[in-house]
Number of protein chains: 2
Amino acid sequence: MTQKIDFLSKNQQIVLEIIEKAKEPLKAYSILFSVQKRGIKAPPQVYRALDRLIKLGKIHKIESKNAFVACKNDSCTISNATAFSICDSCEMVTEISNPKLSKYLANFQDETGMRYNKYNLEFFGLCKKCKK
Amino acid sequence: MTQKIDFLSKNQQIVLEIIEKAKEPLKAYSILFSVQKRGIKAPPQVYRALDRLIKLGKIHKIESKNAFVACKNDSCTISNATAFSICDSCEMVTEISNPKLSKYLANFQDETGMRYNKYNLEFFGLCKKCKK
DNA sequence: ATAAATTTGTTATATTATAACAATGCGTAA
DNA sequence: TTACGCATTGTTATAATATAACAAATTTAT
Ligand SMILES: [Zn+2]
Ligand SMILES: [Zn+2]
Ligand SMILES: [Zn+2]
Ligand SMILES: [Zn+2]
């Protein structure tokens, strides 16, 4: 059978909704705790939903934080090319969508000629608010 | 007292040696197992050594793998600006040292004008060997 | 309708990382 | 020198993150 690519299961919808509502990246277990009333009882249910949502480009994982954010790029068709801005102080995370940057990285070729079909870039610094 | 910045403790030397010898990224617990004969008995000892070595730019953490590699850039003075090439098939990881790339990223400025003092970039694809 | 395959639920456990405190070493002021 | 303070290292315990394994339910194919 061919995989359904445009339908979200109940668990996936619940998890996505929580992540979209959040103002900051959410950890898997904090998601688990906040959806237990809605019938999601165990880690694998959360992790499966997260995996699926990542594959669909609906959410991204912030690797340096083991946390998850909703994609802000109108459902990222390029979930394999992600860039984030992370504040070291308030931990705010925002997805960078900068055509020049993504073009540059998508076309990047190293010395050996290896080409890449996926990248993840995480920038760290102080956000405007925290710099003051 | 001011911090010593150029001296490695015994544990740090042992951990660094193991990582430098390895041909692939090492996980913290695999490091722990392989240094237990040498007197390192518990996770915090390994994690402390890793933290220190990271700060010194002697090693880097591959965030997407929770694994550690030795810096190949002659002791990275720019441990805060890292880029890696990761093969999805054989899991080979190599540090990218490309002046153009690092310059581009170091100077990158997003829409809001936020500037960054640190970044980590992980590229994924198939290495030459695995592409054949 | 039945069997096969896929997805979801559940239990258990593996893996990664840190908290908390004790023991040790080390510089310094009396 | 000694004894006090502070930093580093060792140790125990536990927290946080993630997956394996199998059962139950649902969907799909025959
Ligand atoms: Zn996105
Ligand atoms: Zn901030
Ligand atoms: Zn390096
Ligand atoms: Zn390869």
Side-chain angles (χ1 to χ4, degrees), chain A residues 1-19 22 24-56 58-69 86 91 93 120 122, chain B residues 1-19 22 24-56 58-69 86 91 93 120 122:
Chain A
M1 198 211 67
T2 165
Q3 237 202 348
K4 290 172 286 183
I5 58 159
D6 52 6
F7 175 75
L8 295 184
S9 76
K10 187 156 154 268
N11 288 352
Q12 290 155 12
Q13 285 174 300
I14 291 171
V15 169
L16 178 57
E17 195 181 299
I18 293 278
I19 296 175
E24 63 290 317
L26 295 184
K27 303 264 195 168
Y29 275 71
S30 101
I31 293 169
L32 176 58
F33 296 142
S34 58
V35 298
Q36 277 180 332
K37 305 168 185 178
R38 299 229 245 158
I40 297 180
K41 305 234 174 87
Q45 295 173 290
V46 171
Y47 281 101
R48 282 175 191 146
L50 291 171
D51 286 349
R52 190 82 210 295
L53 293 169
I54 287 171
K55 277 194 189 111
L56 295 175
K58 301 279 190 190
I59 65 171
H60 304 300
K61 181 176 185 179
I62 308 300
E63 293 286 356
S64 61
K65 294 189 172 301
N66 298 318
F68 304 86
V69 294
I86 302 170
E91 312 230 311
V93 170
N120 179 55
E122 298 181 4
Chain B
M1 202 207 66
T2 164
Q3 235 200 352
K4 292 172 285 185
I5 58 159
D6 52 5
F7 175 76
L8 295 184
S9 76
K10 189 156 155 268
N11 289 353
Q12 290 155 12
Q13 285 175 303
I14 292 170
V15 168
L16 178 57
E17 195 181 298
I18 292 278
I19 296 175
E24 63 291 315
L26 296 184
K27 303 265 196 166
Y29 275 72
S30 101
I31 294 170
L32 175 59
F33 296 141
S34 57
V35 298
Q36 277 179 331
K37 305 168 183 177
R38 299 229 244 158
I40 298 181
K41 305 236 174 83
Q45 295 173 288
V46 171
Y47 280 102
R48 282 174 193 149
L50 291 171
D51 286 349
R52 191 82 210 295
L53 293 169
I54 288 171
K55 275 191 191 114
L56 296 176
K58 301 279 190 191
I59 66 171
H60 304 299
K61 180 174 185 181
I62 309 299
E63 293 286 357
S64 61
K65 294 191 171 300
N66 297 319
F68 304 85
V69 294
I86 302 169
E91 311 229 313
V93 170
N120 178 56
E122 298 182 5

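The sequence lines fix the lettering, A, B, ..., with proteins before strands; numbering per chain opens at 1. Everything numeric here is computed off the predicted structure, so don't read it as measured data.
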Practice problem: Can you tell me the distance, in whole Å, between the CG atom of B/L50 and the C1' atom of D/dT9? | Solution: 15 Å

Quiz prompt | Atom pair CD1 (A/I31) and CD1 (A/I40), whose distance is rounded to the nearest 0.5 Å | solution = 9.5 Å

Quiz item: To the nearest 0.5 Å, what is the distance between CG (A/L50) and CD (A/Q45)?
Solution: 12.0 Å

Exercise. May I ask you to evaluate whether B/K27 reaches the phosphate of C/dT16, defined as a side-chain N or O under 4.0 Å from OP1 or OP2?
Key: yes

Self-check item: N-O pairing of A/E63 and B/K61 below 4.0 Å
Solution: no

Self-check item: Euclidean distance, atom CZ of residue B/R52 to atom P of D/dG10 [Å, nearest integer]
Solution: 14 Å

Practice problem: Using a cut-off of strictly less than 4.0 Å, decide whether A/S9 has a side-chain nitrogen or oxygen near OP1 or OP2 of C/dT8. | Solution: yes

Quiz item: Considering only side-chain heavy atoms of B/P44, which listed nucleotide, D/dT9, D/dA18, D/dT12, is closest?
Solution: D/dT12

Self-check item: Between C1' of C/dT8 and CZ of A/R38, the distance in whole Å
Solution: 17 Å

Quiz item: Has B/Y47 got a side-chain N or O lying under 4.0 Å from the OP1 or OP2 atom of C/dT18?
Solution: no

Practice problem: Would you give the length of the straight line joining atom CD1 of A/I54 to atom NE2 of A/H60, rounded to the nearest 0.5 angstrom? | Solution: 9.5 Å

Quiz item: Does a side-chain N-to-carboxylate-O contact under 4.0 Å join A/K65 and A/E91?
Solution: yes

Quiz prompt | Touch class at under 4.0 angstrom, heavy-atom based, for A/K61 against every strand present | solution = sugar-phosphate

Quiz item: Does the side chain of B/Q45 get closer than 4.0 angstrom to OP1 or OP2 of D/dT9 through an N or O atom?
Solution: no

Quiz prompt | Whole-Å gap separating C1' (C/dT7) and CG (A/L8) | solution = 14 Å

Practice problem: Could you tell me whether the phosphate oxygens of D/dG10, OP1 or OP2, come under 4.0 Å of any side-chain nitrogen or oxygen in B/N11? | Solution: yes

Quiz item: Do we count A/Y29 as stacking onto D/dT17 if the rule is ring centres under 5.5 Å and planes under 30°?
Solution: yes

Quiz item: Should B/N66 be listed as having a side-chain N or O under 4.0 Å from OP1 or OP2 of D/dA18?
Solution: no

Quiz item: Atom CD of A/E63 to atom C1' of D/dA18: distance rounded to whole Å?
Solution: 13 Å

Self-check item: Nearest-Å distance for atom pair CG/C1', residues A/L32 and D/dA18
Solution: 12 Å

Exercise. May I have the distance from B/K65 (atom NZ) to D/dA18 (atom P), rounded to whole angstrom?
Key: 15 Å

Quiz item: To the nearest Å, how far apart are A/R48 CZ and D/dT19 P?
Solution: 12 Å

Quiz prompt | Whichever of B/S30 and A/G39 has its nearest DNA chain C nucleotide further upstream toward 5' | solution = A/G39

